[in-house]
Amino acid sequence: MALPDASHFDRLVALLKQKRDNVTFHDIIALAEISAQSLQSFFQALDATLYRELREIARYIESMRHEIGALQVNDLKNSRIPAAGEELGAIVRATEEATHTLMECAEAVMAADASDPAAYKALVDEKMLVIFEACSFQDITGQRIAKVVETLQHIEERVSRFANVVQAKDLEGFLTESERARAERREKLLLHGPQLAGAGVDQSKVDEMFA
Amino acid sequence: MAIDMSMPVLVVDDYNTMIRIIRNLLKQLGFEDVDDASDGSAALSKLRAKKYGLVISDWNMEPMTGYELLKEVRQDPGLAKTPFIMVTAESKTENVIAAKKAGVNNYIVKPFNAQTLKTKIEAVFAES
């Protein structure tokens with residue numbers, strides 16, 4: 001940023017030295033004029049710098065508005081994420097229903113009286129057909145999962161693009177209040193959930209620890 | 001020590017399907033008196049109301065986990081000696097060590113089969 005022109009101050013000092021004893025109203029006006037001149041160049045330089053910086057900020061805000069718009073947050077919040085949640089809920093219900101049906105068949109076969117082979121075979125055949133039908137849940141849930149994966153990819157692409165454009169840096173250790181509470185509970189009660197294949201200890205390792 | 005198949009068994013899990021699976025497996029093994037609870041606090045109430053010969057519990061449940069239930073059981077003089085098997089997907093080494101330290105009798109990693117459940121129950125009663 002430009003500084004006031006020092007030569008104007010020199011003129012001001014010279015005038016004050018010259019008129020130290022008998023200052024008139026005219027002198028005061030002259031003093032004011034010199035002060036105004038000295039500050040004018042300062043404010044001109046300041047205006048140009050400020051304008052340039054404000055334009056930069058405005059351009060950045062405009063580009064941010066564009067990038068935030070490209071994120072399509074309202075579409076994500078109002079449509080895609082709730083739809084993915086509904087798909088996941090439907091998957092849980094479908095797998096529960098299928099498991100219930102399969103177990104019901106297994107329990108019926110196990111409880112059946114095998115003393116009449118013909119009746120027993122008829123029951124087993126009937127239950128096997130129900131089992132085949134129930135297994136169709138896998139096709140439907142597969143399609144539902146594909147839709148959820150598509151939504152996740154949609155979000156991932158937009159968030160990645162946004163992060164690249166704004167050169168986002170992660171705040172280290174940032175957690176919301178509820179995330180912090182969940183993390184503390186997980187830590188305290190050793191809640192890790194199911195491990196991926198090969199990640200946790202298997203039954204044989206557990207057995208060694210209890211041997 | 002021979003297993004008393006008439007002893008009541010308490011199965012603790014927040015998933016009905018899992019309860020049903022364990023119930024059926026226990027029934028196949030010969031246990032007839034099987035109750036269930038959906039979390040640690042419900043299990044604790046049942047344990048204080050009826051004498052159970054064995055507890056088979058999941059770890060990850062709300063509001064009281066199986067790990068908290070295990071610690072409560074071991075601290076309660078009336079329940080402290082109840083055999084306790086953890087059946088869980090929590091399969092990190094630190095979980096197994098923590099459960100062992102808290103006094104679990106055995107530990108089964110999900111998914112498991114009938115033979116594993118049978119072997120672990122037998123092992124628990126063989127040591128007692």
Side-chain angles (χ1 to χ4, degrees), chain A residues 88-114 124 127 130-131 134-135 137-138 141 178-211, chain B residues 14-25 27-28 39-40 58-71 84-117 119-120 123-124 126-127:
Chain A
L88 289 173
I91 290 165
V92 171
R93 283 192 299 278
T95 51
E96 262 175 16
E97 279 167 24
T99 308
H100 175 77
T101 305
L102 298 176
M103 291 184 83
E104 210 167 56
C105 289
E107 285 166 4
V109 171
M110 282 171 78
D113 178 10
V124 171
K127 294 299 174 191
V130 177
I131 287 173
C135 286
F137 84 94
Q138 208 273 339
T141 53
S178 60
E179 285 169 344
R180 194 183 309 282
R182 277 202 301 275
E184 279 173 10
R185 182 171 161 77
R186 270 202 306 271
E187 186 69 24
K188 186 178 156 215
L189 299 171
L190 301 164
L191 296 168
H192 305 294
Q195 303 295 306
L196 291 172
V201 286
D202 61 16
Q203 189 65 53
S204 60
K205 293 234 174 71
V206 171
D207 292 347
E208 280 171 24
M209 294 165 80
F210 276 84
Chain B
D14 53 351
Y15 277 90
N16 278 333
T17 304
M18 204 62 222
I19 287 178
R20 202 161 160 183
I21 290 169
I22 297 174
R23 259 182 183 281
N24 279 313
L25 293 176
K27 201 173 164 190
Q28 280 299 103
D39 86 296
D58 182 30
W59 185 304
N60 193 351
M61 298 174 288
E62 298 282 354
M64 186 192 278
T65 67
Y67 179 56
E68 290 172 301
L69 171 66
L70 170 64
K71 290 201 282 190
F84 198 115
I85 297 177
M86 199 73 88
V87 180
T88 176
E90 301 286 341
S91 60
K92 277 200 157 188
T93 308
E94 64 190 279
N95 288 93
V96 185
I97 293 169
K100 203 176 169 195
K101 226 181 224 176
V104 81
N105 296 89
N106 221 310
Y107 196 103
I108 299 175
V109 179
K110 286 181 187 174
F112 62 96
N113 57 31
Q115 186 55 42
T116 305
L117 182 65
T119 311
K120 300 309 163 201
V124 166
E127 72 187 30

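Reminder, nothing fancy here: chain letters follow the sequence lines and each chain counts from 1. Note that these values count all heavy atoms, side chains included, but never hydrogens, waters or copies made by symmetry.
- More than 12 heavy-atom neighbours from other residues, nucleotides or ligands sit within 6.0 angstrom of CD on A:E179.
- For B:E68, the part sitting under 4.5 Å from any heavy atom of chain A is the side chain, from C-beta outward, and nothing else.
- A 4.5 Å side-chain heavy-atom check between B:E62 and A:R185 finds at least one atom pair inside the cut-off.
- Of the two parts of B:Y107, the backbone and the side chain both hold a non-hydrogen atom closer than 4.5 Å to a non-hydrogen atom of chain A.
- Side chains of A:H100 and B:T17 form no contact here, defined as non-hydrogen atoms less than 4.5 Å apart.
- Between B:K27 and A:M110 the shortest side-chain heavy-atom distance does not fall below 4.5 Å.
- Looking at A:Q203, its side chain never comes within 3.5 Å of a backbone N or O of B:P111 through a donor-acceptor pair.
- For the options B:N95, B:I108, B:V104, B:N60, heavy-atom pairs under 4.5 Å to chain A are most numerous at B:N95.
- Minimum heavy-atom separation, B:V109 to A:D202: CG2-C, 4.4 Å.
- Between A:M209 and B:I97, the shortest heavy-atom contact is CE-CG1, 3.5 Å.
- Interface residue B:K120: only side-chain heavy atoms are found under 4.5 Å from chain A.
- Within the 4.5 Å cutoff, side-chain heavy atoms of A:M103 are placed close to those of B:I21.
- For chain A, no part of B:M86 is nearby; none of its heavy atoms comes within less than 4.5 Å.
- Using a 4.5 Å cut-off between heavy atoms, B:T88 does not touch chain A at all.
- The main-chain N or O of A:L191 is never found under 3.5 Å from a side-chain atom of B:E90 such that the two would form a donor-acceptor pair.
- Both the backbone and the side chain of B:N106 come within less than 4.5 Å of a heavy atom of chain A.
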